[in-house]
Protein chains: 2
Amino acid sequence: MTDAVPVVLGAAMARIGPEIDAIFDTLLAVPEDDGRARLFEAMRHAAIGGGKRMRPLLVCAACDLYGVARDGALRVGAAIEAIHVYSLIHDDLPCMDDDDMRRGKPTVHKAFDEATAVLAGDSLHALAFELLADPDTHADPFVRAELTLELARASGPSGMAGGQMMDLEAERVPLTELATVTRLQQLKTGALIGFCLEAGGIMGRVPPEGRKHLRGYARDIGLAFQIADDLLDHEGDEATAGKALRKDEAAGKATFVSLMGAEAARRQASLLVEQAVAHLRGFGTEADLLRAIAAYVVERDR
Amino acid sequence: MTDAVPVVLGAAMARIGPEIDAIFDTLLAVPEDDGRARLFEAMRHAAIGGGKRMRPLLVCAACDLYGVARDGALRVGAAIEAIHVYSLIHDDLPCMDDDDMRRGKPTVHKAFDEATAVLAGDSLHALAFELLADPDTHADPFVRAELTLELARASGPSGMAGGQMMDLEAERVPLTELATVTRLQQLKTGALIGFCLEAGGIMGRVPPEGRKHLRGYARDIGLAFQIADDLLDHEGDEATAGKALRKDEAAGKATFVSLMGAEAARRQASLLVEQAVAHLRGFGTEADLLRAIAAYVVERDR
């Protein structure tokens with residue numbers, strides 16, 4: 001984290017990691033009585049003690065806008081993090097990106113084995129929906145059903161998984177259009193970020209037509225986040241990132257940086273952050289965390 | 001299907017296949033405009049036109065007990081089938097069971113590739129929850145949230161995925177106790193069958209304490225189904241089954257047949273079917289389909 005990160009964000013980031021870890025620690029207590037211990041250990045390896053927890057932070061920040069109770073916000077945050085982590089586990093598999101390190105630790109198929117990694121990902125996937133549909137997350141079943149529907153859409157073939165497929169296809173037929181790379185990223189990473197913001201509105205019982213600013217903010221920071229990721233991949237340090245870098249470049253894959261150049265990409269990311277913050281103009285200090293996150297997205301070093 | 005299958009079941013089985021196919025055909029329309037076509041084609045390959053559709057049939061039969069509208073029952077049936085199909089796709093992967101054929105067709109990683117198979121499984125997994133949480137499935141959000149919670153539990157680390165892990169571990173340390181094999185199967189296949197029956201009660205707004213007979217029936221036919229599967233694996237014909245057989249035997253894995261012997265296993269399966277039918281004694285003709293399914297479970301030849 002750089003010195004430029006405002007105090008409000010530093011405190012929020014320091015707080016959310018242990019909160020999310022505590023939820024996973026409880027949900028993923030290792031069963032001692034049968035052959036499932038290895039599965040739970042693999043899930044814990046991937047889900048506990050790593051990552052920036054950007055998605056749970058976004059959920060909590062969006063919930064702040066509407067005074068939603070933090071317990072419920074954190075459970076929704078853990079659900080989206082479970083989806084994110086499952087996608088990382090599967091994405092790291094030898095048949096996908098074939099990565100050995102993730103969040104500074106061996107990937108699940110390296111620390112355990114491939115079959116366990118497939119099942120640990122599938123299990124975290126199911127756990128996400130178990131969290132959302134549980135009455136402890138929100139007393140109103142309408143809210144629980146709406147959260148479930150939105151997360152299923154954001155993570156499925158018309159969201160994250162669809163974007164991952166486009167990404168795989170781009171290895172066969174390299175992309176050359178900025179519009180196509182943008183569409184890919186809006187599915188692959190943008191859809192889940194959209195869910196994080198929308199979840200705040202759903203938990204706060206804001207009707208869909210009142211959530212336009214949330215979707216606008218999410219679209220802008222989602223794209224800024226990905227451009228910043230491409231810049232970090234291009235210029236960053238592997239030790240700080242905790243994962244292998246410059247794999248896209250080596251594979252000849254189109255990124256925002258390869259298509260626009262680093263300088264134009266940096267300007268575009270800054271412009272998107274300004275746009276994102278503009279969507280929050282109707283809010284006061286309750287939106288300060290979202291404003292700080294928008295700035296952080298392009299200033300971070302990992 | 002043998003001659004012993006009653007007319008009621010034959011008609012129900014002939015009807016449900018096309019109904020489930022039609023739902024998947026609509027949901028999985030192949031997008032023409034981006035790189036996701038291959039993902040949808042892989043999902044269609046796995047989900048459309050194959051299998052006995054036992055799980056959707058069970059959902060519909062359980063819904064018959066309470067006069068639940070067929071449209072909603074079929075959507076829940078498609079959701080559970082999507083979970084079943086995703087688990088088959090992942091289970092067939094080289095790092096898991098490494099199977100080339102499924103339902104008489106090449107497995108997804110053979111017809112496409114491993115990465116596409118991982119994503120097609122993940123996408124069907126998400127689709128299941130999208131189906132359950134959609135207002136078209138049931139007007140009452142409480143019903144949708146309860147279906148979501150039950151399916152997530154039945155398919156996750158304390159259900160199907162947990163059973164698959166126990167199954168993998170049994171390859172390292174062979175199981176010797178019938179109780180452990182029973183526990184494994186209750187998680188691996190029993191939990192989802194339990195969901196099928198429970199879903200009928202949930203859709204029919206039967207409170208949890210009024211669903212004991214459904215859970216009892218499901219537990220008994222689930223176990224009978226697995227014992228029959230082990231017998232088919234031991235004695236069946238690969239062409240009829242549409243998949244490789246006797247892999248467990250070759251790997252030295254314990255099954256009900258290897259632990260009990262074929263004759264005792266056959267008697268046990270029959271006894272479980274009698275028990276299952278006894279749970280339905282409070283019902284009239286509306287339970288005839290469930291009674292016929294119970295008998296079929298041990299009489300089928302694939």
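Letters A, B, ... mirror the listed sequences (proteins, then strands); counts begin at 1.
Across every non-hydrogen atom of A:Ala152 and B:Phe129, the tightest pair is CB-C, 4.0 Å. Nearest heavy-atom pair, B:Phe142 versus A:Pro141, reported as atom, atom and distance to 0.1 Å: CA-CB, 3.5 Å. Annotation for B:Ala115 and A:Leu168: closest pair CB-CD1, 3.6 Å, computed over non-hydrogen atoms.
Using a 4.5 Å cut-off between heavy atoms, B:Leu187 contacts chain A through its side chain alone, with no backbone atom that close. Within the 4.5 angstrom heavy-atom criterion, no atom of A:Met160 approaches chain B. There is no contact between A:Leu124 and chain B, counting heavy-atom distances below 4.5 Å. Only the side chain of A:Pro135 comes within contact range of chain B, judged by heavy atoms closer than 4.5 Å.
No other option in A:Ala161, A:Cys95, A:Pro157 has as many heavy-atom pairs under 4.5 Å with chain B as A:Pro157. Listed options B:Ala145, B:Gly163, B:Ala37, B:Gly159 were ranked by heavy-atom pairs under 4.5 angstrom with chain A; first place goes to B:Ala145. For the options A:Ala42, A:Gly156, A:Gly162, heavy-atom pairs under 4.5 Å to chain B are most numerous at A:Gly162. Note: B:Leu39 leads B:Leu39, B:Val143, B:Leu131 in heavy-atom pairs under 4.5 Å with chain A.
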Between chain A and chain B, are any donor-acceptor pairs under 3.5 Å, and how far apart is each one to 0.1 Å?
| residue | atom | partner | partner atom | Å |
| --- | --- | --- | --- | --- |
| A:Asp34 | OD2 | B:Arg183 | NE | 3.3 |
| A:Asp34 | OD2 | B:Arg183 | NH2 | 2.7 |
| A:Arg36 | NH1 | B:Pro157 | O | 2.9 |
| A:His90 | ND1 | B:Asp122 | OD1 | 3.1 |
| A:His90 | ND1 | B:Asp122 | OD2 | 2.8 |
| A:Asp113 | OD2 | B:Arg172 | NH2 | 3.1 |
| A:Asp122 | OD1 | B:His90 | ND1 | 3.1 |
| A:Asp122 | OD2 | B:His90 | ND1 | 2.8 |
| A:His125 | ND1 | B:His125 | ND1 | 3.1 |
| A:Pro157 | O | B:Arg36 | NH1 | 2.9 |
| A:Arg172 | NH2 | B:Asp113 | OD2 | 3.1 |
| A:Arg183 | NE | B:Asp34 | OD2 | 3.2 |
| A:Arg183 | NH2 | B:Asp34 | OD2 | 2.7 |

